[in-house]
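Input: a single structure, listed below in structure tokens.
Note that the structure is predicted; figures quoted are calculated from it, not measured.
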Amino acid sequence: MPLGIVLRRAPGVTRWAKWVWTAVAVLPGAGAADWRELRREGDTVEYHAATLTLELHGADTDAYLHELGAQTPSVYVILREEGEGDCPLNALLVTASPFEAQDYADSGEEIIEKVPMPPAFFAWVAEFVEEFHEEEVFIKRKRDKQRIDLNQDGVGDPRIGSLEDVYASPALQRRRMQ
């Protein structure tokens with residue numbers, strides 16, 4: 001499904017950051033866009049920065065189910081800084097999987113923005129999970145019935161000269177060595 005990424009540029013609150021960029025919305029079924037201005041309120045501007053295709057995979061239904069059960073189900077937008085200028089961010093990926101978003105967050109190179117899931121998109125993901133999710137059956141591993149404490153596989157530590165030395169105190173061993 002194509003998802004339009006809406007980014008907001010607001011004035012920074014410190015002298016070190018001139019602008020603060022945040023992803024504020026996704027537009028399901030959006031057409032192609034390249035930093036089209038959507039709304040302007042004073043210095044705050046919202047852009048339809050890009051349209052990315054979101055693909056759902058049957059192997060990730062556990063992650064989607066986890067996200068659908070969250071207090072605020074969200075979509076994750078992965079952005080990368082491209083430098084200074086009017087369009088300093090590049091939208092790389094959009095995903096509904098919190099596990100995939102965490103993988104990108106671990107590198108520290110990308111910016112991960114959590115955007116609330118629109119109701120129509122929520123229904124689409126829920127339908128996908130309902131159709132393809134299979135609960136993994138837990139199978140408890142059983143212990144081997146073989147007793148391994150009856151066999152002595154090795155001779156032991158070569159530093160121990162005799163069986164009496166195993167239980168000898170260090171002081172006794174020192175006296176024997178002198």
Side-chain angles (χ1 to χ4, degrees), residues 1-10 12-13 17 19-39 44-149:
M1 173 182 282
L3 284 179
I5 310 301
V6 179
L7 296 178
R8 178 181 294 152
R9 183 188 76 181
V13 293
W19 301 109
V20 175
W21 291 89
T22 54
V24 293
V26 290
L27 307 170
D34 188 27
W35 291 93
R36 185 176 343 152
E37 186 175 317
L38 297 177
R39 181 172 41 186
T44 303
V45 183
E46 288 185 359
Y47 296 97
H48 181 182
T51 299
L52 301 173
T53 303
L54 182 126
E55 295 179 4
L56 299 178
H57 300 282
D60 292 338
T61 56
D62 281 338
Y64 305 144
L65 191 60
H66 177 76
E67 189 60 38
L68 291 174
Q71 187 173 2
T72 305
S74 301
V75 176
Y76 298 88
V77 178
I78 289 79
L79 305 165
R80 183 173 287 158
E81 288 188 35
E82 298 246 333
E84 297 297 319
D86 293 339
C87 312
L89 297 174
N90 181 24
L92 298 177
L93 177 76
V94 63
T95 182
S97 169
F99 305 154
E100 186 176 9
Q102 179 64 44
D103 290 343
Y104 278 96
D106 288 344
S107 73
E109 294 180 12
E110 287 82 20
I111 300 167
I112 298 16
E113 292 284 336
K114 190 174 179 178
V115 178
M117 212 181 264
F121 186 74
F122 179 89
W124 184 65
V125 175
E127 183 180 316
F128 180 86
V129 169
E130 186 177 316
E131 184 174 340
F132 293 103
H133 182 68
E134 294 178 11
E135 281 294 327
E136 189 174 325
V137 179
F138 177 75
I139 300 171
K140 185 173 181 177
R141 183 180 64 89
K142 294 182 180 180
R143 290 186 179 194
D144 295 334
K145 298 204 187 272
Q146 182 181 8
R147 291 194 56 190
I148 59 170
D149 60 338

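Within 6.0 Å of CZ in F121 there are more than 12 heavy atoms belonging to other residues, nucleotides or ligands. Shown here is E127, whose CD atom has no more than 12 heavy atoms of other residues, nucleotides or ligands within 6.0 Å.
Applying the ring-ring contact (aromatic ring centres under 6.0 Å, His included) test to residues at least two apart or on different chains, the pairs with a partner in residues 53-76 are H66-F99. Listed by first and then second residue, the salt bridge (Lys or Arg N to Asp or Glu O under 4.0 Å) pairs that reach into residues 95-107 come to none, sequence neighbours excluded. The side-chain hydrogen bond (donor to acceptor under 3.5 Å, both in side chains) contacts involving residues 111-124 comprise nothing, where partners must be two or more places apart or lie in separate chains.
The two atoms that bring L89 and E82 nearest to each other are C-CG, 4.3 Å, heavy atoms only. When all heavy atoms are compared, the tightest approach of I5 to A91 is CG1-CB, 4.5 Å. Heavy atoms only, all atoms of each residue included: H48 and G31 are closest at CE1-O, 3.6 Å. Scanning all heavy atoms of the two residues, the minimum distance from A49 to L7 falls at CB-CD1, 3.6 Å. Residues V26 and P118 approach most closely at CG2-CD, 3.6 Å, considering heavy atoms. Considering all non-hydrogen atoms of both residues, P2 and T51 come closest at CB-CG2, 3.9 Å.
Using a 4.5 Å cut-off on side-chain heavy atoms (C-beta onward), T95 and I78 make contact. Between V94 and V115, the closest side-chain pair of non-hydrogen atoms is not below 4.5 Å. Between L54 and L52, the closest side-chain pair of non-hydrogen atoms is not below 4.5 Å. Under the 4.5 Å side-chain criterion, counting only non-hydrogen atoms from C-beta, S74 is in contact with E67.
Listed by chain and number, the residues in a side chain to side chain donor-acceptor pair (under 3.5 Å) with E109 amount to none (sequence neighbours excluded). Not a single salt bridge (charged side-chain N to carboxylate O under 4.0 Å, His left out) links E136 to another residue, sequence neighbours left out. By the salt bridge (charged side-chain N to carboxylate O under 4.0 Å, His left out) test, E46 is found to be paired with R8, R39, residues two or more places apart in sequence or in another chain being considered. Residues meeting the side chain to side chain donor-acceptor pair (under 3.5 Å) test with D34, sequence neighbours left out: none. Qualifying side chain to side chain donor-acceptor pair (under 3.5 Å) partners for T53, counting only residues two or more places apart in sequence or in other chains: none. Every ring-ring contact (aromatic ring centres under 6.0 Å, His included) that F128 has, sequence neighbours left out, goes to F132. For R36, the salt bridge (charged side-chain N to carboxylate O under 4.0 Å, His left out) criterion is met by no residue, not counting sequence neighbours. Shown here are the side chain to side chain donor-acceptor pair (under 3.5 Å) partners of E135, two or more places apart in sequence or in another chain: H133. Under the rule for a side-chain contact (heavy atoms from CB on, under 4.5 Å), E131 has no partner lying at least two apart in sequence or in another chain.
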side-chain contact (heavy atoms from CB on, under 4.5 Å) evaluation trace for V13 with V20: CA-CA 8 Å; V13 293; V20 175; 5.7 Å; no

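Annotation: the span from L27 atom CG to L3 atom CG amounts to 8.5 Å, rounded to 0.5 Å. Note that CG of N90 is 10.5 Å distant from CD of E110, once rounded to the nearest 0.5 Å. Considering CG of L79 and CG of L93, their distance stands at 10.0 Å, rounded to 0.5 Å. Rounded to the nearest 0.5 angstrom, R9 CZ and W19 CH2 are separated by 4.0 Å.
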